[in-house]
Amino acid sequence: MSMLDIFNVAGSAVSAQSQRLNVVASNLANADTVAGPDGQAYKARQVTFQTQLMGAASAAGVKVSTIGEDTTPGRRVHDPKHPSADGDGYVTYSNVNAVEEMVNMISASRSYQNNVEVMNTAKALLLKTLQMGS
Amino acid sequence: MLNRLTDTLDFQGQALALRSQRQRLIASNIANADTPGYVAREMDFAQALKQATGQLAGAPSLAAPRPGHLPGTAAAGGLGTPLLYATPAQTSLDRNTVDMDRERANFADNAVKYEATLRFINGNVRTMLDAIRGGQ
């Protein structure tokens, strides 16, 4: 039944996209985090997708292979009055780029919606197939 | 006699199986729209249907030399047809060749044709039932 595989394929994509959305949410939430006691500010995280074969060759799902950390140095702002300022008066914020994250969020949301629609169409077709011959 | 009644049903059944395979293929392409390096696949539906119903010129056909031998069906379900690679209209930086607009259009087109095949089958069944009942 190749139609039933569609639910596995689209389901894996929906789950991967929601994980991406989750990572975007934590990045945006930490956009203004300053360096903690260890001197390390929050590093933005990015998911990497990978194709995952589901039985047949023509059924290719998706999975999140790795969640990598962005290694660019954090934003440094001169603010000597800030309690977390270092000896030179600089405060290190996280390296999250809010604009990039918003774009990422819209892309994830659109892909999520696409896959949900794929599942809805497959469901409607399957229900009609069940009534075949009546 | 009876197999003539079901001949058209066989054809539509093969078409339905191929349509559902193509639907799965397009769903895989849509699912992998954001996967780096993924290459979109596509199938030649006419070719696959010809192969599945054994009408391909030069296709090996199994002879049934003795009565009682079962006729062979060539590559049922289009398994023999190789999948093709879609040519990207625009290249992308991560070497992903899924064209979302095309995939969405193909998906809708295939869904409508799947439903059309279903209706053909239903019509066929209804016609046969009418003939069996003799119009009563």
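All chains are named by letter (A, B, ...) in the order of the sequence lines, taking the proteins before the strands, and each is independently numbered beginning at 1.
Within the 4.5 angstrom heavy-atom criterion, only side-chain atoms of A/Q17, from C-beta onward, approach chain B. In this structure, chain A has a heavy atom under 4.5 Å from the side chain of B/R126, while its backbone stays farther away. For B/A33, no part lies under 4.5 angstrom from a heavy atom of chain A. Neither the backbone nor the side chain of B/R19 comes within contact range of chain A; no heavy atoms are under 4.5 Å apart.
When the side chains of ILVMFWY residues are joined at heavy-atom separations under 4.5 Å, either directly or via intervening members, A/L21 and A/L28 end up in a single hydrophobic cluster.
By the 6.0 Å contact criterion, CZ on B/R95 is open, its count of non-hydrogen atoms from other residues, nucleotides or ligands being 12 or less. The neighbour count for B/F120 CZ, taken as heavy atoms of other residues, nucleotides or ligands under 6.0 Å away, does not exceed 12. Within 6.0 Å of atom OH in A/Y90, 12 or fewer heavy atoms from other residues, nucleotides or ligands are found, so the atom counts as exposed in its surroundings. Heavy atoms from other residues, nucleotides or ligands lying under 6.0 Å from CE of A/M102 number 12 at most.
Rounded to the nearest 0.5 angstrom, A/R110 CZ and B/M100 CE are separated by 11.5 Å. Distance CD/B/Q21 to CG/A/D5: 10.0 Å, rounded to 0.5 Å. Atom OG1 of A/T48 sits about 11.0 Å away from atom CG of B/D94, to the nearest 0.5 Å. Rounding to the nearest 0.5 Å gives a distance of 12.5 Å between OH of B/Y114 and OG1 of A/T121.
Inspection of the A/Q131 and B/N122 side chains reveals no N or O donor paired with an N or O acceptor under 3.5 Å.
Summarising the geometry of B/L118 relative to A/L125, their closest heavy-atom pair is CD1-O, 4.3 Å, with the distance given to 0.1 Å. The nearest pair of heavy atoms linking B/S20 to A/M3 is CB-CG, 3.7 Å. When all heavy atoms of A/A59 and B/S28 are compared, the pair lying nearest together is CA-OG, 3.4 Å.
A donor-acceptor pair under 3.5 Å is formed between the side chain of B/N32 and the backbone N or O of A/A60.
By number of non-hydrogen pairs under 4.5 angstrom with chain A, the leading residue of B/N124, B/D34, B/V125, B/L129 is B/D34. Contact count against chain A (heavy-atom pairs under 4.5 Å) is highest for B/I30 among B/I26, B/I121, B/I30. Chosen from A/Q52, A/R20, A/K128, A/M119, the residue pairing most often with chain B at heavy-atom distances under 4.5 Å is A/K128.
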